[in-house]
Each structure stands twice: as structure tokens, then as C-alpha cells.
**Q** 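Take a look at the following structure, please.
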Amino acid sequence: MLLLIASCDDPPPRIERPAKSLVANFSSLLQLRANQRTLLAMSAGQLYFHQPDGSMGQALRSIDRTGQIRTTTLTPGRVARLLNASEGAAPSLRAIATLGDGQIAVYFNGSSRRESLACVVLFDPASDTARLIVSPADLIRESGMGAALDIADAQMVVSGTTLWLYLRHVDQAAYLRLDTRAVRSGEARVARAFDSLRTEEGPLPTQPEDVLSSHADGTIWLLRPSTGELWRLNRDGLAFPNKQPEGRPRLTVAPLLLPAPNERDRPLLSFFPAEHLTADTRGAVERSEIYPALIFNSKSEEYVIDRHHLDTRPAFPSYAMNLTNWVLEPQTADIFAYDAMSGEVFRITRAWQ
């Protein structure tokens, strides 16, 4: 627990830090459009990225460890051919998720001449192959959305051996799932998981802003960015609230579960932005000395990496950093994160000092 002491005449005293503290290094990899929904996925050391609302019809792209950007062959035209769609059909890439063997599940939607283009394609970057694993007819049937499926937004995450597909438009939401083992064997069958989310107190209405995420331990989370509310979901749609300590800003991205020698004590990494900063509020000034911050929290210890220990490029306005998506590279434990404020994608590494 931190104790802050202030008086009317003197500035707040400097908080004594432990001899060992963590520093987070932010290396800029990409410059994308700011304040955009940005998809990120890791596969075999490559970071795959896409902004669904930035450039409609664009192919999936990747960047490797050397910083070289490549455009994959998974284009709207290629997906249209898999669907035997009408000439000129151009489905839009809306969601991506990486399977454990390096293959990538990709969701497309749209319509052409009254035919739905909504589908899930399995793309293998290593062999440059793509095959249809969920057809428009299957999605229309299981989602119950009919023609509205073509305008529904989508999110996909992999949790354990389950690929989750969350579809939503203004009037309706659907939670679908596939067994990843069946996906690999070519026998995937999409099914509706449950009709709606609920808590132990009653229904949990979904919002268009809700974001799904998952951890390597098989858990799945739902984050509401406008409030920072976070729920852990089970396979039957029951949501359990995950309350944050008092006095911290709202979450803008769901916590990441990091690797550790002791699997039972794996730390969660959370990002907290600086919020409601005003020049005439002493409490806000005090908070600005801490946030934005990365916080590592496990059963045995907690480390806070505050703004003074976020090592970014020169002149970067770290006080306004706002991470809204990040993914873990399992082999290196590096983190790749999108900052909505600047539009940059960072590689985050940490080191003792």
C-alpha cells in the first residue's frame, strides 16, 4: 500500500522505490491510423495486423522480427473464390485468431447480389494455403441473424481447444464456438454456445463496445472499455465480475497472463491509462506521477511500472498513452501492443534495473 502525504505549501514528497524495479521498454514497430479498432495476432514469430474500419477490403499483413512488412495472399478476392461468389465480390476482414499450431482463423463478412459473404477461413502462412471452415449458410443458421449477419461485427478468440466467435449488431448478439481439434482435422462444426450472458444476479446485456479476450490457461474475459468493467466467462455464458482495487483508472485492455516458472503463480499484466487529468486538481497531479502504468500482479507479489519507467522513443507523449489491444509472443514473452493515441504498434520488453 502506498501512502501519499501532501500539504498546501509543499509539493507531494517523492515516493521511495525499492532497490529493484522494473522498466518497460517500448520499441515502435509500426505506424497505423490512430483511434481505430486494430486486430493483432501472433504466429510463428510474426505479428499479423489489420484495421477493419481503416481500409475496407485490405489483405491481412504481417511484420517479422527484423521489421519487414509483408502482405499475405489472404485477399478478399481469394476468399470470394473460396465462396464461389459473384464476380466483383469483396468480403471484408473483420476478426482474426491464432490456433496453437500457427494457423490463423479469419472471419470475413459482407454481401454481394443478396448473397452473404460471412465465413471463417483457416489460413496457414507456412504453406500459404486457405480453406473454408465455416460457410455463410452455417453462420446464418447458428447465429439466427438472417440477412443481418452481413452487417454484424465480429470478434474471435481461442481459449483452450475452443475457437469463440462473437457476432453483434445493434439488435442482436450471438456467441458461437468451434472445436479447434476438429478445425485441424477438417471436421469443424460451428454451434451456438448460449443465447445470452448472465451473472449470478441476472442477465448481463451486451454492448457494442464489449471486447473478448482469452488466456493460455483457457479462461475467457469480457471487457467494457467505457467503464473498465471486466468479467470472466465460463462455457455456459455465466459471467463473474473481476473487481479492480479502488483508486485506479479504468482498464482499456484486458489483462494478459504471462509465463512464469511456477505455473500456479503466473502474473497478470494490466495497463492503466492516465484519466481525468486537470491542472487545478491536486489528486490528478498526484495520479499523473503514476499513470499511465503497467502493473504485474501475481498471488505472491505486485510490481508497478509507472510513467517514469515506461521507456519510449524521444518526445513520445507517454502521459497520453492508451493501449487498446495487445498480444503475447509465447517464445520470447515480448508483448505487442497498439496505442490508440498515437496509432503506433509497440514491442514491449521488460528488464530489471
**Q** So does Arg94 get a backbone contact from the side chain of Arg37, meaning a donor-acceptor N/O pair under 3.5 Å?
**A**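 Yes, the answer is positive, given that a donor and an acceptor are paired below the 3.5 Å cut-off.
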**Q** Can you say whether the rings of Tyr166 and Tyr175 are parallel (under 30°), tilted (30 to 60°) or perpendicular (over 60°)?
**A**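 Aromatic pair Tyr166/Tyr175 classed parallel.
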**Q** If we only count heavy atoms from C-beta on, is the Gln155 to Trp164 side-chain gap below 4.5 Å?
**A**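 A side-chain contact is absent here, since even the closest heavy-atom pair is not under 4.5 Å.
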**Q** Passes side chain to side chain contact (heavy atoms under 4.5 Å, CB included), Val23 versus Asn25? Steps please.
**A** CA-CA 6 Å; Val23 172; Asn25 302 111; 4.1 Å; yes
**Q** Can you find a heavy atom in the side chain of Asp138 that is under 4.5 Å from one in the side chain of Val120?
**A**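 They are not in contact (no side-chain heavy atoms under 4.5 Å apart), so the answer is no.
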**Q** Over all heavy atoms of both residues, which pair between Glu142 and Val190 is shortest? Give the atoms and the distance, please.
**A**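 That would be CG-O, 3.6 Å.
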**Q** Check whether Val253 and Leu256 end up in the same hydrophobic cluster, where Ile, Leu, Val, Met, Phe, Trp and Tyr are linked by side-chain heavy atoms less than 4.5 Å apart.
**A**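 Yes; tracing contacts between hydrophobic side chains, which count when under 4.5 Å, links both residues.
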**Q** Given side chains that start at C-beta, do those of Leu122 and Leu99 come closer than 4.5 Å, heavy atoms only?
**A**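 Contact flag for Leu122/Leu99 side chains = yes.
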**Q** Is Pro52 close to Leu39 at the side-chain level, that is, under 4.5 Å between some pair of heavy atoms?
**A**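 Of all side-chain heavy-atom pairs linking Pro52 with Leu39, at least one is under 4.5 Å.
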**Q** Output, in order, the C-alpha distance, side-chain angles, deciding distance and verdict of salt bridge (Lys or Arg N to Asp or Glu O under 4.0 Å) for Arg347 and Asp334.
**A** CA-CA 7 Å; Arg347 179 199 295 266; Asp334 290 349; 3.0 Å; yes
**Q** For the residue pair Arg235 / Thr162, report whether a side-chain donor-acceptor contact shorter than 3.5 Å exists.
**A**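 Yes, Arg235 and Thr162 have a side-chain donor paired with an acceptor closer than 3.5 Å.
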**Q** Main chain of Ser226, side chain of Glu209: is a donor-acceptor contact present, judged purely on distance under 3.5 Å?
**A**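 Flag set: sc Glu209 to bb Ser226 pair under 3.5 Å.
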**Q** When clusters are formed by joining ILVMFWY residues with side-chain heavy atoms under 4.5 Å apart, either directly or through shared neighbours, do Ile220 and Leu222 land in the same one?
**A**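 Yes: a chain of side-chain contacts under 4.5 Å links Ile220 to Leu222.
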**Q** Donor-acceptor pair, Glu115 side chain versus Ser86 backbone, under 3.5 Å?
**A**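 Flag set: sc Glu115 to bb Ser86 pair under 3.5 Å.
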**Q** Could you state the interatomic distance from CG (Asp195) to CD (Gln172), rounded to the nearest 0.5 Å?
**A**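 Result: 10.0 Å between the selected atoms.
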**Q** Is it true that a side-chain atom of Ser214 and a backbone atom of Val158 form a donor plus acceptor pair closer than 3.5 Å?
**A**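 Yes.
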**Q** Nearest 0.5 Å, what's the CG-CD1 distance between Leu74 and Ile104?
**A**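 It comes to 8.5 Å.
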**Q** Taking the ring centre of each residue, are Phe346 and Phe316 less than 6.0 Å apart?
**A**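 Ring centroids of Phe346 and Phe316 are less than 6.0 Å from each other.
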**Q** Between OG1 of Thr38 and CZ of Arg33, what distance do you get to the nearest 0.5 Å?
**A**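 The distance works out to 10.0 Å.
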**Q** Do Val183 and Leu165 share a hydrophobic cluster, counting only Ile, Leu, Val, Met, Phe, Trp and Tyr and linking them when any side-chain heavy atoms are less than 4.5 Å apart?
**A**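 Shared cluster, yes.
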**Q** Say whether, by atom type as modelled, one donor and one acceptor occur between the side chain of Ser318 and the main chain of Arg307 under 3.5 angstrom.
**A**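 No, the answer is negative, given that no donor and acceptor are paired below the 3.5 Å cut-off.
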**Q** Taking Phe272 as the starting point, is it possible to reach Ile290 by hopping between hydrophobic residues whose side chains are less than 4.5 Å apart?
**A**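 In one cluster: yes.
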**Q** Taking all atoms of both residues into account, what is the closest heavy-atom pair of Pro125 and Gln103, and its distance?
**A**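 Looks like CD-CA, 4.5 Å.
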**Q** Within the distance-only criterion (no hydrogens, no angle test), does the side chain of Thr98 pair as donor or acceptor with the backbone N or O of Met42 below 3.5 angstrom?
**A**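 Flag set: sc Thr98 to bb Met42 pair under 3.5 Å.
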**Q** Going through the distances and angles, do Ile69 and Leu30 end up as a side chain to side chain contact (heavy atoms under 4.5 Å, CB included)?
**A** CA-CA 9 Å; Ile69 298 175; Leu30 286 167; 3.2 Å; yes
**Q** Testing the basics here: between Ser43 and Gly102, what is the closest heavy-atom pair and its distance to 0.1 Å?
**A**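 Ser43 and Gly102 have their closest heavy atoms at OG-O, 2.5 Å.
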**Q** Locate the shortest heavy-atom distance separating Thr73 from Arg78; write the atom from each residue and the value.
**A**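 The answer is OG1-NH1, 2.5 Å.
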**Q** Are the side chains of Leu212 and Asp210 in touch, meaning some heavy atoms are under 4.5 Å apart?
**A**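 Not touching, per the 4.5 Å side-chain cut-off.
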**Q** Taking side chain as C-beta onward, heavy atoms only, is Asp339 less than 4.5 Å from Phe271?
**A**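 SC-SC contact between Asp339 and Phe271 ruled out.
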**Q** So Leu83 and Phe108, do their side chains get closer than 4.5 Å, heavy atoms only?
**A**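 Phe108 vs Leu83: side chains apart.
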**Q** Taking Glu329 for its side chain and Gln331 for its backbone only, find out whether a donor-acceptor pair lies under 3.5 Å.
**A**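 Between the backbone of Gln331 and the side chain of Glu329 there is a qualifying donor-acceptor contact (under 3.5 Å).
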**Q** Before you tell me yes or no, could you show the steps for Asp153 and Arg168 under side chain to side chain contact (heavy atoms under 4.5 Å, CB included), namely the whole-Å CA-CA distance, both residues' side-chain angles and the distance that decides it to 0.1 Å?
**A** CA-CA 5 Å; Asp153 205 354; Arg168 179 175 179 85; 5.6 Å; no
**Q** At what distance, to the nearest 0.5 angstrom, does CE of Met145 lie from CD1 of Ile151?
**A**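 Interatomic distance, Met145 CE to Ile151 CD1, rounded to 0.5 Å: 9.5 Å.
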**Q** Are the side chains of Ser112 and Leu117 in contact, using a 4.5 Å heavy-atom criterion?
**A**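 Result yes, sub-4.5 Å side-chain heavy-atom pair found.
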**Q** Would you call the rings of His215 and Trp221 parallel, tilted or perpendicular if under 30° counts as parallel and over 60° as perpendicular?
**A**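 If you compare the ring of His215 with that of Trp221, the planes turn out tilted.
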**Q** Search all heavy atoms of Met321 against all heavy atoms of Phe26 and return the closest pair with its distance.
**A**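 Met321 and Phe26 have their closest heavy atoms at SD-CE2, 3.7 Å.
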**Q** I want to know whether Tyr303 and Phe296 have ring centres closer than 6.0 Å.
**A**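 Judged by ring-centre distance (under 6.0 Å), Tyr303 and Phe296 do not meet the cut-off.
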**Q** With distance as the sole test, does Arg177 use its side chain to make a donor-acceptor pair with the main-chain N or O of Ala191 at under 3.5 Å?
**A**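 Not a single qualifying donor-acceptor pair exists.
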**Q** Mind listing the closest non-hydrogen atom pair of Ala239 and Leu233 along with its distance?
**A**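 Minimum heavy-atom contact is CB-CD2, 3.6 Å.
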**Q** Could you see if Met156 belongs to whatever hydrophobic cluster contains Ile133? Use Ile, Leu, Val, Met, Phe, Trp, Tyr and a side-chain cutoff under 4.5 Å.
**A**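 Yes; tracing contacts between hydrophobic side chains, which count when under 4.5 Å, links both residues.
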**Q** Could you go step by step and tell me if Asp150 and Asn109 meet the side chain to side chain contact (heavy atoms under 4.5 Å, CB included) rule?
**A** CA-CA 6 Å; Asp150 300 327; Asn109 75 352; 5.7 Å; no
**Q** Test your reading of the model: is there a side-chain donor-acceptor pair from Tyr48 to the backbone of Ile63, 3.5 Å cut-off?
**A**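 The answer is no, because no donor-acceptor pair under 3.5 Å joins these two groups.
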**Q** Can any side-chain N or O of Trp326 pair as donor or acceptor with the backbone N or O of Ala254 at less than 3.5 Å?
**A**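 Judged by distance alone, yes, a pair lies under 3.5 Å.
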**Q** Find the distance between CG (Leu238) and CG (Leu204) and round it off to the nearest 0.5 Å.
**A**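 If we round to the nearest 0.5 Å, Leu238:CG and Leu204:CG are 10.0 Å apart.
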**Q** Output the distance between atom OH (Tyr107) and atom SG (Cys119), rounded to the nearest 0.5 Å.
**A**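 Interatomic distance, Tyr107 OH to Cys119 SG, rounded to 0.5 Å: 8.0 Å.
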**Q** Can Gln46 and Asp64 be counted as having a side-chain donor-acceptor contact under 3.5 angstrom?
**A**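 Side chains of Gln46 and Asp64: no pair found under 3.5 Å.
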